[in-house]
Protein chains: 2
Amino acid sequence: MPPLATSLNTWQSVQTEVLRRIRARIWKPGEPIPNEADLAREFGCARTTVNRALRALAESGIVERKRKSGTRVALHPVGRAVFEIPLIRKEIEDQGRRYGYTLVCANEAAAPSRVAYALGLKGDGTTALHVLAVHLADGQPYVLEDRWINLSAAPGALRADFTAQSANEWLLENAPYIGGELVISAAACGEAEAALLDLKEAAPVLILERTTWGENRPVTTVRLWYRPGHRLISPLVS
Amino acid sequence: MPPLATSLNTWQSVQTEVLRRIRARIWKPGEPIPNEADLAREFGCARTTVNRALRALAESGIVERKRKSGTRVALHPVGRAVFEIPLIRKEIEDQGRRYGYTLVCANEAAAPSRVAYALGLKGDGTTALHVLAVHLADGQPYVLEDRWINLSAAPGALRADFTAQSANEWLLENAPYIGGELVISAAACGEAEAALLDLKEAAPVLILERTTWGENRPVTTVRLWYRPGHRLISPLVS
DNA sequence: GAGTGGTCTAGACCACGAC
DNA sequence: TCGTGGTCTAGACCACTCG
């Protein structure tokens with residue numbers, strides 16, 4: 001390839017040109033593209049600049065890179081949806097609605113097996129802190145929060161006052177998490193949940209289960225029960 | 001700050017040290033951290049290296065950066081959940097199950113208003129291609145795909161044979177998308193959907209609605225109805 | 001062994017935006 | 001105005017991995 005007439009000296013312009021060639025099928029899925037040094041020569045820029053552009057494309061899954069074998073156009077460009085997980089209070093306030101919060105209970109109790117497993121609790125009958133609360137938007141139930149907190153990972157939780165501040169916020173300030181897992185599913189809501197959310201029994205609810213880790217162990221696992229009609233929205237890339 | 005005894009000369013080690021200080025509350029939420037030049041001096045590395053580390057932290061939402069005002073620890077570290085959206089066939093095969101596919105119908109029809117809106121169709125009664133299909137895992141219904149394709153964006157779809165290849169795959173090969181939107185919700189399934197998915201009416205289903213754009217216009221919008229019990233799983237970061 | 005991407009450096013200039 | 005992050009360059013060395 002001869003050098004281009006006009007050189008591309010920003011990594012964004014290099015990225016755009018590479019994307020154009022991929023979309024125009026000049027470089028086809030599964031095929032290799034020229035190496036960084038060659039592209040730098042063609043585009044009239046430093047190799048570092050090409051590297052930055054291709055690295056960004058690799059992060060979003062458009063191309064795949066391997067040392068020695070080079071860069072190729074991804075065969076099955078996976079789409080990605082990125083959900084932002086804000087504080088529930090922020091989520092409600094950002095909709096321009098008034099936030100409210102009702103604590104149902106907060107007490108130490110034997111963890112059911114699903115919770116013991118998620119929190120990595122060893123013995124049978126180990127206790128954890130159970131917090132049940134309803135978040136309100138404009139006075140109406142918005143989401144039910146059913147949370148278990150690992151007391152060996154966040155002992156301070158026993159002395160926290162969850163009537164004043166939701167467990168959601170207390171944890172964010174006192175035990176920030178490093179990683180975790182989110183599971184989304186749909187289910188018919190049970191009698192107890194229906195009562196707390198002001199729903200008919202067996203109404204279809206959206207359930208989010210989040211388990212989060214601190215330094216090296218699980219800190220908390222929470223089930224969020226959203227009322228029917230709730231929509232999780234996210235942009236889609238690739 | 002005096003230079004460290006041992007210098008940190010990889011961007012990963014700089015990132016780790018910065019993270020450590022944030023987690024140890026040496027640098028607190030909302031507060032500014034030293035500028036790149038100072039950190040580079042302290043760590044004994046080039047400013048470029050510090051830049052790379054802080055840029056990565058900014059991308060994952062741990063810090064916020066602005067020219068002139070500098071870098072500060074994010075006040076509300078939003079968590080992010082990243083879902084990968086594979087082909088449905090791959091999703092099933094990756095579970096080690098046998099993939100099957102049944103086309104219910106594929107015909108040009110007047111788009112209902114929700115679809116016309118999503119696809120950006122102008123006039124009333126504009127037609128689009130409607131494709132209804134069931135994806136099977138081990139012979140059992142797995143998900144119902146209710147798709148509408150914008151014929152002005154993908155005219156070739158009229159001549160495609162959707163009995164042999166799902167619309168999902170045809171579109172990925174013939175009209176790759178650039179961006180879009182994903183909406184997740186729960187609902188009680190209707191009579192028609194229940195029959196196709198082999199469910200009782202009003203069973204709680206998980207609904208994914210994806211609308212995707214090509215160069216400059218919407219290409220397709222699809223509703224996926226997943227059977228009760230289906231779980232969407234994703235890692236959680238920050 | 002040799003080719004490729006991954007990264008570091010030192011220096012430079014620029015663009016944004018708070019003051 | 002001017003400090004801060006954003007980026008480019010040219011050169012260098014290293015790490016992985018294929019043949």
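Owing to the predicted nature of the structure, the values given are computational and were not obtained by experimental measurement. FYI, side chains are in, hydrogens and waters are out, and symmetry mates aren't considered; it's all heavy atoms of this structure. The chains referred to below are lettered A, B, ... by the order of the sequence lines, with proteins before strands, and numbering in each begins at 1.
- The salt bridge (Lys or Arg N to Asp or Glu O under 4.0 Å) analysis of residues 68-83 of chain A, with sequence neighbours excluded, yields the pairs R80(A)-E84(B).
- Taking side-chain N and O atoms only, R65(B) has no distance below 4.0 Å to OP1 or OP2 of dT4(D).
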Going by atom type alone, with no hydrogens or angles, which donor-acceptor pairs under 3.5 Å involve a side-chain atom of residues 145-152 of chain A and a protein atom two or more places apart or on another chain?
residue: E145(A); atom: OE1; partner: H135(A); partner atom: NE2; Å: 2.5
residue: E145(A); atom: OE2; partner: R147(A); partner atom: NE; Å: 2.7
residue: E145(A); atom: OE2; partner: R147(A); partner atom: NH2; Å: 3.0
residue: D146(A); atom: OD1; partner: H130(A); partner atom: NE2; Å: 2.7
residue: R147(A); atom: NH1; partner: T220(A); partner atom: OG1; Å: 3.2
residue: N150(A); atom: OD1; partner: S152(A); partner atom: N; Å: 3.1
residue: N150(A); atom: OD1; partner: S152(A); partner atom: OG; Å: 2.9
residue: N150(A); atom: ND2; partner: L119(A); partner atom: O; Å: 3.4
residue: N150(A); atom: ND2; partner: P218(A); partner atom: O; Å: 3.0

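- Listed pair N51(B) / dG5(D) fails the phosphate criterion, with no side-chain N or O lying under 4.0 Å from OP1 or OP2.
- In this structure the side chain of L236(B) never reaches within 4.5 angstrom of the side chain of V82(B), judged on heavy atoms.
- In this structure, N9(A) contributes its side chain and C45(A) its backbone to no donor-acceptor pair below 3.5 Å.
- Under the side-chain hydrogen bond (donor to acceptor under 3.5 Å, both in side chains) criterion, S185(B) pairs with no residue at all, not counting sequence neighbours.
- Residues passing the side-chain contact (heavy atoms from CB on, under 4.5 Å) test with A160(B), sequence neighbours excluded: F162(B), W170(B).
- Atom CH2 of W11(B) is separated from atom P of dC8(C) by 8 Å (rounded to the nearest Å).
- Partners of R227(A) according to the salt bridge (charged side-chain N to carboxylate O under 4.0 Å, His left out) rule, which considers only residues two or more places apart in sequence or in another chain, do not exist here.
- Evaluation of the salt bridge (Lys or Arg N to Asp or Glu O under 4.0 Å) test over residues 44-63 of chain B, restricted to residues two or more places apart or in two chains, returns E36(B)-R47(B).
- Along DNA chain D, the nucleotide nearest to G70(B) and the one nearest to T10(A) differ in position, and the one closer to the 5' end is contacted by G70(B).
- Partners of Y226(A) by ring-ring contact (aromatic ring centres under 6.0 Å, His included), not counting sequence neighbours, listed by chain and number: Y142(A), H230(A).
- Residue contacts for E64(A): at a heavy-atom cut-off of 4.0 Å it reaches no nucleic acid atom on any strand shown.
- Note on Q12(A): every side-chain N or O is 4.0 Å or more away from OP1 and OP2 of dG6(D).
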Can you check nucleotides 9-12 of chain C for protein contacts, nitrogen or oxygen pairs under 3.5 Å, and list what you find?
residue: dT9(C); atom: OP2; partner: A46(B); partner atom: N; Å: 2.9
residue: dT9(C); atom: OP2; partner: T49(B); partner atom: OG1; Å: 2.5
residue: dA12(C); atom: N6; partner: R47(B); partner atom: NH2; Å: 3.1

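- Taking only side-chain nitrogens and oxygens, R52(A) comes nearer than 4.0 Å to OP1 or OP2 of dT7(D).
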Please tabulate, one pair per line, all N/O donor-acceptor pairs under 3.5 Å involving side-chain atoms of residues 10-17 of chain B, not counting sequence neighbours.
residue: T10(B); atom: OG1; partner: S13(B); partner atom: N; Å: 3.1
residue: T10(B); atom: OG1; partner: S13(B); partner atom: OG; Å: 3.1
residue: S13(B); atom: OG; partner: T10(B); partner atom: N; Å: 3.4
residue: S13(B); atom: OG; partner: T10(B); partner atom: O; Å: 2.8
residue: T16(B); atom: OG1; partner: Q12(B); partner atom: O; Å: 2.9
residue: E17(B); atom: OE1; partner: R20(B); partner atom: NE; Å: 3.1
residue: E17(B); atom: OE2; partner: R20(B); partner atom: NH2; Å: 3.0
residue: E17(B); atom: OE2; partner: R21(B); partner atom: NE; Å: 2.6
residue: E17(B); atom: OE2; partner: R21(B); partner atom: NH2; Å: 3.1

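- Listed by chain and residue number, K90(B) satisfy the salt bridge (charged side-chain N to carboxylate O under 4.0 Å, His left out) test with D94(B) (two or more places apart in sequence, or in another chain).
- Taking atom CZ of R72(B) as the reference point, atom C1' of dT4(D) lies 13 Å away to the nearest angstrom.
- Listed by residue number, the members of residues 28-38 of chain B with any heavy atom below 4.0 angstrom from DNA chain C form an empty set.
- The distance between atom CG of L54(A) and atom C1' of dT7(C), rounded to the nearest whole Å, is 15 Å.
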Look for any protein N or O under 3.5 Å of an N or O in nucleotides 14-19 of chain C and output each such pair with its distance, or none.
residue: dA15(C); atom: N3; partner: R67(B); partner atom: NE; Å: 3.4

